[in-house]
Amino acid sequence: MCGIFGVVNDKAATETLLKGLSALEYRGYDSAGIATLTEGELDCRRAPGKLINLEQVIEALPLEGQTGIAHTRWATHGQPNEANAHPHLSLNVAVVHNGIIENADELREVLSASGVCFLSDTDTEVLPHLIANYLSAEVCPALAIQTALREVKGSFALGILIKGMEDQIIATRRGSPLVVGFNSESAFIASDMVAASGMADEILYLEEDDIAIVKAHDVVIYDAQGELVERKKVTVDHDQFVATKEGYDHYMLKEIHEQPNALQRTWNGFSSTSLNQIEEIDFANIDRLQIVACGTSFYAGLVAKYWFERMADLIVEVDLASEFRYREPPMPKKGGCLFISQSGETADTLAALRFAQSKHQYCLSVVNVPNSSIARESDYVYRTLCGPEIGVASTKAFTSQLAVLFGLVKKAAAERQAGKGILSELGKHSEGDVISRVRSALMNDEKRHAIERAARIFENATSAIFLGRGQCYPIALEGALKLKEISYIHAEGYAAGELKHGPIALIDEGMPVVVVAPYDRLFEKVVSNLQEVRARGAKVLLISDKLGCEMCKDYADQFIEMPTLHEVLAPFIYSIAVQLLAYYTAVQRGKDVDQPRNLAKSVTVE
Ligand code: F6R
């Protein structure tokens, strides 16, 4: 959730640290801070709020030093104020932390009893004090830290500075991601490849409980048992990790527009990789598929359920990872599980994957970030090739997940000899059709302006409802999620037929209801639901195709017309509409589109 960064070099560290933090800010922006070593002494600056506040603090009071650690926070324990901002310090140790220390209260009690005075409400602050207790002249500091961390329960990626040790950062991780990067002059630590890749030419991934002594020109790594080990360095493909707005006002808008290319790349590169020597899944050998994910990725899983069941004759269960992992459902022998995650680091999804593996399930994953924990721990990985997604609200990752899932459904249909009728209806060019329709929806200025105008439906709204049926039901859920996360309007998505079983009581005069309804076999049923809400005073925005908009011209207040596409493929095109609708609403309301309040990109805590 938080972002950590560090640099060891022969020149001033602050500018590089701020640059690293700016690449990581999407992981959290409640506060930021930096600590450096100057002539052996620890120095630190911190500020609540976004990185710009820290930059101002440093401008007023510059920070010297060539070795430093930095942090951008998404608050878990304690308010987002300066006292709770990282780095946290004891007399001789500074720590930045991503993760959660579960036994922080117990450790705090013991440390307080020994005279430690705590200055923050964070779980992290126990770490510098605990580590300080284990440092001694006789033992290598890295091994002393490793011993100290045996007392700690929870998850962490840590960057640590020790007073007097100006040429090094100590880095370690358990359950949270951390990479170490190098170029000819400097070494870096970073929560993710995107931050390091702007600067490093080579990168290595630390394994669980590895502890690394990172110096400008070399790195020494001990594994969990304290044995010296080498971890493979990989060359950074700088182009793959370019993360700039490229002239767009926001990352989100840029990422929405990247979707045709992202879909093309994902389909062109559709293949699986495996780090383990396991045979690829044959869908003919499983009776049901369990899909597990969170948030938007969960909605991609819901779309896939409709596809797998209709086209591949395969029963699919879709679960939220946070529920699945604790429900401990019985799992069939040799069952198949599919985990969907943009970041590949979502704590609940990762824990669900580990649970499934403990039950000897065949574990596939769909991830965007290569070498992420979920990618590394799955039996087979299918990559979405949409490039880094920086906007906190997921857009291109979602449609790229749909692309991979559609590829998997076709594979399953072939292996199970199912879905012949529907597949022949879709024809050989279905992927090309999707890409061209998505491209035409995005390139058409008139259409985009129509969506921008339609967003005015939410002008004075405090609440909104999204309706859909069949494959567009998950798109209604996704539309509501997008709207609430970036414009802060309370929005709920419902299966259109479910409305009369309770939620219709919410409808009152002028309430915006967005109906996502391509002209398909369920269209007439959705139109009945549309009329039910309109009769009760709702303001209806219909998102449909040419035929659908014509059929409903007397029933809706506003229309967004999307290109026509086979109903099975509709989720691709209708996603674009709900993404743009949320985007323009947030812009019209003056909200921070790329960094909405309380959120962060990668949820590495439960
Ligand atoms: C919403 C959004 C989140 C993520 C969710 C899962 O726009 O981005 O709901 O989809 O946190 O994240 P990943 O896919 O990284 O596991």
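What you see is a predicted model, and the numbers here were worked out from it, not measured in a lab. Start at 1 and go down the list; that is how both ligands and their atoms are numbered.
Of the charged side-chain nitrogens involved, at least one lies within less than 4.0 Å of a carboxylate oxygen, so that D209 and R174 count as a salt-bridged pair.
Between Y26 and Y251, a ring centre-to-centre spacing not shorter than 6.0 Å is recorded. A distance of 6.0 Å or more separates the ring centres of H71 and F5.
Looking only at heavy atoms of the protein, atom 6 (C) of ligand 1 is closest to C294 O, 3.3 Å. The single protein non-hydrogen atom nearest to atom 16 (O) of ligand 1 is T346 OG1, 2.4 Å, given as residue, atom name and distance. Among protein heavy atoms, atom 11 (O) of ligand 1 sits closest to V603 CG2, 4.0 Å. What sits closest to atom 3 (C) of ligand 1 on the protein, heavy atoms only, is T296 N, 4.0 Å.
Close contacts of ligand 1 with K482, meaning ligand atoms under 4.0 Å from a residue heavy atom, involve 1 (C), 7 (O). Residue E485 approaches ligand 1 through these ligand atoms, each under 4.0 Å from one of its heavy atoms: 1 (C), 7 (O). Ligand 1 places these atoms under 4.0 Å from at least one heavy atom of A393: 7 (O). Interface of S341 with ligand 1, defined as ligand atoms under 4.0 Å from a residue heavy atom, comprises 13 (P), 14 (O), 15 (O), 16 (O).
Side-chain contact check for Y382 versus T266: every heavy-atom pair is 4.5 Å or farther apart.
Geometrically, ligand 1 and Q401 share no nitrogen or oxygen pair separated by less than 3.5 Å.
Counted within 6.0 Å of CD on Q79, heavy atoms from surrounding residues, nucleotides or ligands total 12 or fewer; the atom is thus considered open.
Judged by the shortest distance from any of its heavy atoms, V392 lies inside the 4.0 Å radius around the atoms of ligand 1.
Shown are E258, Q342, Q401; of these, the side chain to side chain donor-acceptor pair (under 3.5 Å) with K396 is made only by E258.
R597 forms a cation-pi arrangement with Y488, by the criterion of a distance under 6.0 Å to the ring centre and an angle within 45° of the ring axis.
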